[in-house]
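Written out below as structure tokens is the structure these notes cover.
This one's a predicted model, so the numbers in the text were calculated from it and none came from an experiment.
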Amino acid sequence: MTARIERLVTSGQFSLDGGTWDVDNNVWIVGDDHEVIVIDAAHDAEAILRAVGDRRVTAIVCTHAHNDHIDAAPALADLTGATIWLHPDDLGLWKQTHPDRDPDAHLVDGQVLEAAGADLTVLHTPGHAPGAVCLYDPGLGAVFTGDTLFQGGPGATGRSYSHFPTIIDSVRDRLLTLPPETKVLTGHGDSTTIGAEAPHLQEWIDRGH
């Protein structure tokens, strides 16, 4: 059975650098009728658990460690026994939200996470956060970009731990090189495609400087 992709939207707050904002987050559930991977356990472990149902959660993958993407991860892991994966460059951010709980495993650029017919290749894409990653599955024709790439451009780089030239390099070299029909499944808001975003790279660069 081929894997399928489900989207759950959860609501909560994002806090960094002394500010707090209300946000809606996309939680992506990838798998089949038996097992799934959860990408970005945001805000509401119980809602995610309801969406998963009786399927086994093999991994909780964090695209980066801003609190709105990881706040429900430990609770979901405790409920399901799943492994929490995070790139080690985001441990400092993780500790701001979960000082007493470490992730269970470290993501490495190029590794492949497998579940239920999905093969998610880890692409380290720093810029929005030092340890930001995207997850690409050519079989599903999709890349899960977290807050690295959205419909309309790269993620925000105006706060601590972020850097505009770095995110431009990540988007240009790691994402816009993917097939144009690849679906871009984002951390917030609507999906897009690589082909829809690629022509606008120079505009983003000009806008960012």
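- At a cut-off of 3.5 Å, with distance as the only test, no side-chain donor of Gln13 or Thr20 sits close to an acceptor on the other residue.
- In terms of modelled atom types and a separation under 3.5 Å, the side chain of Asn67 and the main chain of Ser15 share a donor-acceptor contact.
- Side-chain N or O atoms of Asp147 include none that pairs as donor or acceptor with a backbone N or O of Gly155 at under 3.5 Å.
- The distance from the CD1 atom of Ile70 to the CD1 atom of Ile84 is 9.0 Å, given to the nearest 0.5 Å.
- For the salt bridge (charged side-chain N to carboxylate O under 4.0 Å, His left out) condition, the pairs that include at least one residue of residues 50-60, sequence neighbours left out, are Glu6-Arg55, Glu35-Arg56.
- Checking Thr63 against Asp40 by side-chain atom types alone, a donor-acceptor pair falls below 3.5 Å.
- Smallest separation of non-hydrogen atoms from Pro154 and Ile168: CG-CD1, 4.2 Å.
- Taking the ring centre of Trp21 as origin, the terminal cationic atom of Arg159 falls inside the region bounded by 6.0 Å and 45° from the ring axis.
- Considering every non-hydrogen atom in both Gly189 and Asn26, the closest pair reads O-ND2, 2.9 Å.
- Of the possible donor and acceptor atoms, none in the side chain of Thr192 sits under 3.5 Å from a partner among the backbone N and O of Gln151.
- Contact of the Val122 side chain with the Val108 side chain is not registered, since no non-hydrogen atoms from C-beta on lie closer than 4.5 Å.
- The ring pair (Phe, Tyr, Trp, His ring centres under 6.0 Å) pairs that include a residue from residues 108-128 are His64-His128, His66-His128, His87-His124, where partners are two or more places apart or lie in different chains.
- The backbone N or O of Thr166 sits less than 3.5 Å from a side-chain atom of Ser170, completing a donor-acceptor pair.
- Inter-residue side-chain proximity for Asp89 and Pro126 is flagged as unmet; no heavy-atom pair is nearer than 4.5 Å.
- With respect to Arg101 and Asp78, a salt bridge is recorded, a charged nitrogen being found less than 4.0 Å from a carboxylate O.
- With hydrogens and angles left out, the side-chain atoms of Asn25 and His43 include a donor and acceptor closer than 3.5 Å.
- Neither side chain, Glu197 nor His200, offers a donor N or O lying under 3.5 Å from an acceptor on the other.
- The cluster map of Ile, Leu, Val, Met, Phe, Trp and Tyr, joined by side-chain heavy atoms under 4.5 Å apart, puts Phe144 and Phe150 in different clusters.
- Side-chain contact, His69 with His188: a donor N or O sits under 3.5 Å from an acceptor N or O.
- Of the possible donor and acceptor atoms, one in the side chain of Asp90 sits under 3.5 Å from a partner among the backbone N and O of Ala65.
- Using a 4.5 Å cut-off on side-chain heavy atoms (C-beta onward), Thr182 and Leu175 make no contact.
- Checking Thr10 against Asp44 by side-chain atom types alone, no donor-acceptor pair falls below 3.5 Å.
- Here the shortest heavy-atom pairing between Leu76 and Ile48 reads CD2-CG2, 3.7 Å.
- Summarising the geometry of Asp71 relative to Asp68, their closest heavy-atom pair is OD1-O, 3.8 Å, with the distance given to 0.1 Å.
- The shortest heavy-atom contact between Asp190 and Thr186 is O-OG1, 3.4 Å.
- When the side chains of ILVMFWY residues are joined at heavy-atom separations under 4.5 Å, either directly or via intervening members, Leu107 and Leu91 end up in two distinct hydrophobic clusters.
- Here the side chain of Trp28 pairs no donor or acceptor atom with the backbone of Ile37 at under 3.5 angstrom.
- Qualifying side chain to side chain contact (heavy atoms under 4.5 Å, CB included) partners for Pro138, counting only residues two or more places apart in sequence or in other chains: Tyr136.
- With rounding to the nearest 0.5 angstrom, the CG atom of Leu149 is 6.0 Å from the CD1 atom of Ile194.
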Would you check, one step at a time, whether the test side-chain contact (heavy atoms from CB on, under 4.5 Å) holds for Val133 with Trp85? CA-CA 11 Å; Val133 301; Trp85 292 81; over 6 Å; no

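- Cluster membership for Val38 and Leu86, using ILVMFWY side-chain heavy atoms within less than 4.5 angstrom, is shared.
- Checking side-chain atoms of Gln96 against main-chain N and O of Leu93 turns up no donor-acceptor pair under 3.5 Å.
- Within the 4.5 Å cutoff, the side chain of Leu176 has heavy atoms near those of the Leu201 side chain.
- Phe14 CZ to Asp22 CG: the interatomic distance, rounded to the nearest 0.5 Å, is 12.5 Å.
- Looking at Leu140 and Val30, their side chains come closer than 4.5 Å, going by heavy atoms from C-beta outward.
- Under the 4.5 Å side-chain criterion, counting only non-hydrogen atoms from C-beta, Ile29 is in contact with Val52.
- When the side chains of ILVMFWY residues are joined at heavy-atom separations under 4.5 Å, either directly or via intervening members, Ile60 and Leu8 end up in a single hydrophobic cluster.
- Residues Leu185 and Thr145 are not in side-chain contact: their nearest non-hydrogen atoms beyond the backbone lie 4.5 Å or more apart.
- In this structure, the side chain of Thr193 engages the main chain of Ala196 through a donor-acceptor pair within 3.5 Å.
- In this structure, CD1 in Ile167 is found 7.5 Å from OG1 in Thr125, a value given to the nearest 0.5 Å.
- Annotation for Ala45 and Ala72: closest pair N-CB, 3.7 Å, computed over non-hydrogen atoms.
- For the pair Leu113 and Gln111, the minimum side-chain heavy-atom distance is below 4.5 Å.
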Taking it one step at a time, do Val61 and Leu135 satisfy side-chain contact (heavy atoms from CB on, under 4.5 Å)? CA-CA 9 Å; Val61 185; Leu135 302 162; 3.7 Å; yes

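- Atom CD of Glu114 is separated from atom CG of Asp137 by 10.0 Å, given to the nearest 0.5 angstrom.
- Atoms CG and SG, on Leu120 and Cys134 in that order, are 11.5 Å from each other to the nearest 0.5 Å.
- Using a 4.0 Å cut-off between charged nitrogen and carboxylate oxygen, Asp109 and Arg174 count as a salt-bridge pair.
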